[in-house]
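Heads up: the structure comes next, in structure tokens.
Chain naming here is simple, since letters A, B, ... match the order of the sequence lines and numbering starts at 1 in each. Below, each value reflects all heavy atoms present in this structure, side chains not excepted, and no hydrogens, waters or symmetry copies.
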2 protein chains.
Amino acid sequence: MVKLAHEHTNEDCLKLVTIFQSLPEKDLKRVSEIVSEHHFRGGEFLYHAGDSADTLMIVAHGQAKVYQIAANGKEQMIRILQTGDFDGEAALFENNDRNSFAQALMDTDVCMISRTDFQQLMTDSPKLAVNMVNAFGQRITQLEQQNTEVTTSSVESRLASYLLETSAGLNDERFTLPLKKKDIATYLGTTPETISRKLTKMSDDNLLENKGLKVKILDSDGLSMLV
Amino acid sequence: MVKLAHEHTNEDCLKLVTIFQSLPEKDLKRVSEIVSEHHFRGGEFLYHAGDSADTLMIVAHGQAKVYQIAANGKEQMIRILQTGDFDGEAALFENNDRNSFAQALMDTDVCMISRTDFQQLMTDSPKLAVNMVNAFGQRITQLEQQNTEVTTSSVESRLASYLLETSAGLNDERFTLPLKKKDIATYLGTTPETISRKLTKMSDDNLLENKGLKVKILDSDGLSMLV
DNA sequence: TAGTTTTCTTGACCTAGGTCAATTTAAAAC
DNA sequence: GTTTTAAATTGACCTAGGTCAAGAAAACTA
């Protein structure tokens, strides 16, 4: 009965995503009518740079990475879409092309809404529009913060804070890193080699135990000191 | 009759800001009713980190810088608010405190709208809400781009692109840098010393002439090559 | 289970650019 | 004007972390 989960995806989109929360019943109904569901296997692309950006994408189950390729060919991770996250900023205005890639990191269900449908919906549902503004506002705040961190603090500090956040998010001081080192590296604006080295160092300093992608935080206070 | 300019500020806010463009007449009227006008002298703060963020601020005339202080005490410029720009993301949702500083760089007129007024207005004016989503979407795209640049390209490259943008914005290959080197430095995630050195180098390479804050671009193609 | 491919680790090396300090220049105040 | 204060430049130095290369260890695949 694996299929069952998928049959509920539409509903999940509505439940999972904060922008759809506390919408009046009639708006929710309209949302469910214009949502279409898609499935991606791990490694498949939700979109490529250059595609026209005309669809709002909501991750109902799974995980996808969004990244850009810089002028010099380097890959830069922009964000990881988790269950409930949506990718919209570029999709919802004007006739822009995508300037990033989105790739599923595992089997992933995505709910999609076309730009025109969504814009119409926003016009009709003030509450939804306000929710969108809030969601975008938070994302902007977060991006500004990230920008500040990346230019003012060391790789060690950023890695420490990444580990603490990941641990907190999973609610366990013992966890497996959710991304390959290469991906963590481009996310933190560094290289896999440096990640390896810094983890070894932290391990030497008894801040954590580390084997491959497995991490056990031993001294979270010590890690916080690095941030 | 200097005061005259100020008496028109309310109106200016409505005209200048893209989010208020193409709003129905009745919405515009309401906006003008809830806007209040404030004047800041160069150096004065529009707000400090820690202040409660409950006001949307629109720059009607002048220029202000928005910056954060990182954990290690370093200053990081987030953005320069030009005439017509507004600072809103943090102000418009929840009971957040400001996490940044905004300081006028010259005499500056600011139109302010309280959060509650603005949220009410958004609920009543779907068009305004859609405009906000668009504005925020563009800002997100830009921040993501900036993030990618700062982590993947060299200071030289970022400076070159900053110079080209500034020149293009002013529509003149001969211009005075609109910010102190220190500010440009924190904006580009570097130091004043490095800016000085890179400019000297570019000057040696006959890409530009430079004296203090005065710049004349001699070879914009050459500069583009550095990006 | 062996073979293939991808990811991770470690060492050796190097350089962009940060830091600190001393002048010079420019801007503000008096 | 002269004095004070802030900003910009330049030199000397140093280090975080990037690059390249070679093994080791996982992760797939057939």
### Query
Does the side chain of B/His61 come within less than 4.5 Å of B/Asp107's, by heavy atoms?
no

## Note on the structure
5' to 3', nucleotides 9-26 of chain D under a 4.0 Å protein heavy-atom cut-off (B base, S sugar-phosphate only, - none) gives SBBB----SSBB-----S

### Message
Angle between the two end axes of the helix from C/dT9-D/dA22 to C/dC30-D/dG1, five base pairs per end, rounded to 10 degrees?
### Response
50°

### Summary
B/Lys214 NZ to C/dT25 P, in whole Å, measures 17 Å

### Query
Between B/Phe136 and B/Phe86, what is the ring plane arrangement, given parallel below 30°, perpendicular above 60°, and tilted in between?
parallel

### Query
Quick one: A/Asp204 CG to C/dT10 C1', roughly how many Å, whole number?
13 Å

### Message
Measure NZ/B/Lys180 against C1'/C/dA27 and give the value in whole Å, please.
### Response
11 Å

### Message
Quiz question: by atom type and distance under 3.5 Å, do the side chains of B/Gln63 and B/Gln82 form a donor-acceptor pair?
### Response
yes

### Task
Consider only side-chain N and O atoms of B/Glu173 and B/Ser167, and report whether a donor and an acceptor are under 3.5 Å apart.
no

### Message
Consider side chain to side chain contact (heavy atoms under 4.5 Å, CB included). Of B/Asp183, B/Val59, B/Val66, B/Leu105, which one does B/Ile80 pass it with?
### Response
B/Leu105

### Task
Specify the separation, in whole Å, of atom CG of B/Asp183 and atom C1' of D/dA6.
13 Å

#### Entry: Side chain A/Thr194, main chain A/Thr190, donor-acceptor under 3.5 Å
no

### Task
Can you label the angle between the A/Phe101 ring and the A/Phe45 ring as parallel, tilted or perpendicular, going by 30° and 60°?
perpendicular

### Summary
Whole-Å distance, A/Leu105 CG to C/dT6 C1', equals 16 Å

### Query
Would B/Arg79 and B/Leu81 satisfy side-chain contact (heavy atoms from CB on, under 4.5 Å), going step by step from the backbone distance to the final call?
CA-CA 6 Å; B/Arg79 57 190 299 216; B/Leu81 297 173; 3.5 Å; yes

